[in-house]
Amino acid sequence: MIPANRLPAQPVRWQQLWRESVTDPRELLALLGLAERAGELLPAADTGFALRVPRGFVARMRHGDADDPLLRQVLPQAAELGEVPGFTRDAVGDLAARSANGVLHKYEGRALLVATGSCAVHCRYCFRRHFPYADDTAAANRWSEAVGHLRADRSIGEVILSGGDPLSLSTGKLAELGDALATIPHVRRLRIHTRLPIVLPERVDTDFHRWLAALPLQRVVVLHANHPAEIDAGVDAACARLRDAGATLLNQAVLLRGVNDDVDVLAGLSERSFAAGVLPYYLHQLDRVAGAAHFEVPDARAQALVDALRRRLPGYLVPRLVREVAGEPSKTPL
Ligand SMILES: *Cc1c(COP(=O)(O)O)cnc(C)c1O
Ligand code: SF4
């Protein structure tokens with residue numbers, strides 16, 4: 001028998017699936033039967049933010065539909081290249097709010113850790129598409145500086161792992177961080193902001209489940225789905241595992257023109273999320289980040305949509321419509 005420590009490392013399935021993601025826009029269009037429309041659909045110049053989408057997410061897109069709401073979230077578009085007044089590179093003031101390597105401490109009682117700059121999917125509207133991750137993630141520093149900051153500030157009862165997508169880190173890396181956080185007496189809760197259980201539900205594997213379930217902190221997982229078609233049986237299974245590991249599940253969505261600026265779609269998202277055991281949390285007005293102006297929905301329209309949702313759904317299925325305003329002490333309700 002070969003000793004266990006000499007066996008080749010098993011490739012972790014979700015990491016393998018991640019590596020197999022689609023990164024070529026022409027391949028994505030070909031997979032959807034849209035190859036002959038590449039000239040019309042793709043931007044003529046580099047947008048500076050590469051395409052990335054797992055194949056399992058592509059499989060949820062409608063074949064032959066260039067306006068598919070999932071495709072629209074990931075396909076680079078010519079509209080990203082135009083400069084629009086008011087849309088800037090650091091729309092939410094992250095650069096000013098940083099207090100230690102990887103820590104954003106803007107709100108009372110909770111601090112956000114930029115755990116990594118990587119994501120399994122590149123969302124075209126993302127407010128962090130211009131964030132200078134390379135030098136500023138907590139992981140780059142093996143957590144010590146970030147954890148030191150959290151330990152020194154006894155007002156911090158909740159640590160939020162964000163990014164990028166914190167679940168793009170290996171479970172081993174997350175365990176290092178979890179172990180460190182568990183030694184801080186005033187930290188009671190760990191919150192994880194992640195889109196991975198939606199776009200690559202295989203990420204919630206047995207190793208991850210075991211880590212989360214054993215964590216000696218209260219656990220909240222805030223998912224990010226924008227359209228009911230993003231949630232399929234694989235996502236249901238991932239959510240069931242997260243709940244089994246003791247996590248409270250919430251969803252934050254971004255209001256996006258041409259994706260979910262429609263009362264039937266938003267109601268469908270709340271209903272479908274709840275069927276997966278997930279409560280709606282925030283509906284974000286778009287951060288005014290350069291390259292995303294074509295996704296913006298006017299405030300009056302956003303409010304009308306949420307008013308219509310309130311008439312149609314039980315109160316607990318109506319998300320809070322908010323915007324992030326640089327310098328404010330919380331998200332700002334509209
Ligand atoms: C959004 C955000 C939070 C979390 O805010 P909640 O209202 O508690 O969800 C915390 N810190 C920062 C820096 C944020 O941007
Ligand atoms: S997963 Fe989140 S952080 Fe990553 S690109 Fe999408 S919106 Fe941005």
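In what follows, every heavy atom counts, from backbone to side chain, and hydrogens, waters and symmetry copies are set aside. When a ligand or atom number is given, it counts from 1 through the structure's own listing order. Please read all numbers here as calculations on a predicted model, not as lab measurements.
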* Pair listing, side-chain hydrogen bond (donor to acceptor under 3.5 Å, both in side chains) test, anchored in residues 198-207, at least two apart ->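 Listed once each, the pairs are Thr171-Arg203, Asp207-Arg210.
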* Report the part of Val222 in contact with ligand 1, treating N, CA, C, O as backbone and CB onward as side chain, heavy atoms under 4.0 Å; options are side chain, backbone, both, neither. => neither
Out of all atoms in ligand 1, which are within 4.0 Å of some heavy atom of [X]? Include the element for each.
| X | answer |
| --- | --- |
| Tyr282 | 6 (P), 7 (O), 9 (O) |
| Tyr281 | 6 (P), 7 (O), 8 (O), 9 (O) |
| Ile160 | 3 (C), 4 (C), 10 (C) |

* What atoms of ligand 2 come closer than 4.0 angstrom to any heavy atom of His224? -> 7 (S)
* Asked: What atoms of ligand 2 come within less than 4.0 Å of a heavy atom belonging to Arg195?
  -> 1 (S)
* **Between CG on residue Asp65 and CG on residue Leu34, distance to nearest 0.5 Å** =>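 It comes to 7.5 Å.
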* **Check: His122 side chain, Ala50 main-chain N or O, donor-acceptor pair, under 3.5 Å** => yes
* side-chain hydrogen bond (donor to acceptor under 3.5 Å, both in side chains) partner of Glu230, the single match among Arg195, Arg272, His224 -> Arg195
* Asked: Taking 2.8 Å as the cut-off, does an N/O/S atom of Cys123 lie below it from atom 8 (Fe) of ligand 2?
  ->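 So Cys123 does not bind atom 8 (Fe) of ligand 2 by this criterion.
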* **Partner of Glu158 by salt bridge (Lys or Arg N to Asp or Glu O under 4.0 Å), out of Arg188, Arg110, Arg191, Arg219** => Arg191
* Is Asp68 salt-bridged to Arg60, cutoff N-O under 4.0 Å? -> no
* Asked: Does Cys126 bring an N, O or S atom to under 2.8 Å of atom 4 (Fe) of ligand 2?
  ->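 No N, O or S atom of Cys126 is closer than 2.8 Å to atom 4 (Fe) of ligand 2, so no.
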Atom pairs and distances, side-chain donor-acceptor, residues 52-59, under 3.5 Å, sequence neighbours left out:
residue: Arg52; atom: NH1; partner: Trp18; partner atom: O; Å: 3.3
residue: Arg55; atom: NE; partner: Glu20; partner atom: O; Å: 2.6
residue: Arg55; atom: NH1; partner: Glu27; partner atom: OE2; Å: 3.0
residue: Arg55; atom: NH2; partner: Glu20; partner atom: O; Å: 3.4
residue: Arg55; atom: NH2; partner: Glu27; partner atom: OE2; Å: 3.0

* Contact between Arg191 and ligand 1, counting heavy atoms under 4.0 Å? -> yes
* Asked: Is it true that Gly164 lies under 4.0 Å from ligand 2, counting heavy atoms only?
  -> yes
* Asked: So which of Cys119, Gly163, Ala120 gets nearest to atom 3 (S) of ligand 2, if we judge by its closest heavy atom?
  ->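 Looking at heavy atoms only, Cys119 sits closest to atom 3 (S) of ligand 2.
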* The one among Lys331, Lys106, Glu324 that brings a heavy atom closest to atom 14 (C) of ligand 1 -> Lys331
* To do: Check whether any side-chain heavy atom of Gln73 sits under 4.5 Å from a side-chain heavy atom of Val259, and report yes or no.
  =>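 A side-chain contact exists here, since the closest heavy-atom pair is under 4.5 Å.
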